2 protein chains.
Amino acid sequence: MKIPIDDKLNSKNVKPTAMRELVLDVLIKQTTAISLSDLEQKFEKADKVTLYRTLKTFEENKIIHSIDDGSGSVKYAMCTDTCQCNPAELHVHFFCTMCQKTYCLNEIPVPSVSLPVNFDLQSINMVVKGICANCRR
Amino acid sequence: MKIPIDDKLNSKNVKPTAMRELVLDVLIKQTTAISLSDLEQKFEKADKVTLYRTLKTFEENKIIHSIDDGSGSVKYAMCTDTCQCNPAELHVHFFCTMCQKTYCLNEIPVPSVSLPVNFDLQSINMVVKGICANCRR
DNA sequence: AAAATTTATGCAATTAAGTTGCAAAGTTAT
DNA sequence: ATAACTTTGCAACTTAATTGCATAAATTTT
Ligand SMILES: [Mn+2]
Ligand SMILES: [Mn+2]
Ligand SMILES: [Zn+2]
Ligand SMILES: [Zn+2]
């Protein structure tokens, strides 16, 4: 199949199967994060569980990251090329209450917060809700 | 029943039924946020749906606020006396990955973020994950 | 006070997301 | 070619959240 897609998979040590190529192709083309059921609807006949496991595999291998945007279903989006998914490089996510789309605001890092004494930070999830630029106009 | 509890309910225009008094009493005593099923387990024989609707009523009337801490079940905690639940007074929440408890960090306001142009902010959910002071020692 | 109306509660059932078990199909190594 | 391992597809299950509806309780009207 397409060379850059296989390259991506190989570089993340994920074996490029037909299914994975198709899923990664869909993911790369997204401008906003998608859920498992969004993904399911992009295929005529693909099993939800296979898609589910494909997403899990991609996530484990840092091809994508998952986003809990509070909408009730977890969304997934591509990691940036340099992303190591560590706490220091977390970015803010934006959920549009009008179009229900979830955006990675890759340019906007999660601000640091000072916790009460003896509270240890592991990670932060920051989701801004509002109206996106597309819906705004 | 207890006067202060009924006062609280009345002040928020929620009719003080026996069930609501019991539920509010439990909520007031919590030091960390609790889920519907946590609440259910605090009663011998109480219907989950009644508890569910009680929480919804409390939330609508700003007696409590709900917290999506990413644990899979929504948590609830008392609003502060002065809370109007508007975006300006949102606070950070902390989820301990060891004891699974969710804390309201009422003293820590959610930091403001500057969004891309034409993105309108409605609210922010900021959940910090880590180890709490109790588990730390 | 009785009747009518509204509100709250309890039980059954449903929805939807996420997840697991297992067997069949496909792939890679010997 | 055989064995070992990986991936896929289907069925089934789990859990949180939610709805419908009938009964019970409280409030209002007559
Ligand atoms: Mn993202
Ligand atoms: Mn809180
Ligand atoms: Zn939008
Ligand atoms: Zn803890």
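Reminder, nothing fancy here: chain letters follow the sequence lines and each chain counts from 1. Keep in mind that what you see is a predicted model, and the values were worked out from it rather than measured.
Distance, A/Asp38 CG to C/dA17 P: 9 Å, rounded to whole Å. Protein atom CZ of B/Arg53 is 14 Å distant from nucleotide atom P of C/dA12, rounded to whole Å. Look at CG on A/Asp47: it is 17 Å from P on C/dA23, rounded to the nearest Å. Atoms CG (B/Leu51) and P (C/dC11) sit 12 Å apart, rounded to a whole Å. Atoms CD (A/Glu21) and P (C/dT27) sit 11 Å apart, rounded to a whole Å. The NZ atom of B/Lys48 sits 15 Å away from the P atom of C/dT14 (whole-angstrom rounding). C/dG18 atom C1' lies 6 Å from atom OH of A/Tyr52, rounded to whole Å. A/Gln41 has its CD atom 13 Å from the C1' atom of C/dA16, to the nearest Å.
If you take CZ on A/Phe58 and CE on A/Met78, they are separated by 8.0 Å, rounding to the nearest 0.5 Å. One distance of note links OG of B/Ser11 with CD1 of B/Ile63; it measures 7.0 Å at 0.5 Å rounding. Here CG of A/Asp25 is found 11.0 Å from NZ of A/Lys42. Values are rounded to the nearest 0.5 Å.
When all heavy atoms of B/Ser114 and A/Ile108 are compared, the closest pair comes out as O-CD1, 3.1 Å. Shown here for A/Pro111 and A/Ile124, the closest heavy-atom pair between the two residues is O-CD1, 4.2 Å.
Within the nucleic acid shown, A/Arg20 comes within 4.0 Å of sugar-phosphate atoms alone, with no base atom in reach, counting heavy atoms only. Within the nucleic acid shown, B/Thr50 comes within 4.0 Å of at least one base atom, counting heavy atoms only.
Using a distance-only test at 3.5 Å, with no hydrogens or angles considered, a donor-acceptor pair links the side chain of B/Arg20 to the main chain of B/Lys15. Of the possible polar contacts, none joining the A/Asp69 side chain to the A/Lys75 backbone as a donor-acceptor pair under 3.5 Å is found.
Phosphate proximity of C/dT19 to A/Lys56: present, with a side-chain N or O under 4.0 Å from OP1 or OP2.
Between A/Lys8 and A/Asp81, at least one side-chain nitrogen of the basic residue sits less than 4.0 Å from a carboxylate oxygen of the acidic one, meeting the salt-bridge criterion.
Protein chain A contacts DNA chain D from D/dT6 to D/dA11, reading 5' to 3' and using non-hydrogen atoms of the protein with a distance under 4.0 Å.
When each of B/Thr17 and B/Ser35 is assigned the nucleotide of DNA chain D with its nearest heavy atom, B/Ser35 is the one assigned upstream, toward the 5' end. For the pair B/Lys15 and B/Ala46, nearest-nucleotide mapping onto DNA chain C gives the more 5' position to B/Lys15.
In this structure the side chain of A/Thr80 never reaches within 4.5 angstrom of the side chain of A/His91, judged on heavy atoms.
Listed by first residue number, the stems of DNA chain D with at least three Watson-Crick or G-U pairs below 3.5 Å are C:1-30 with D:1-30.
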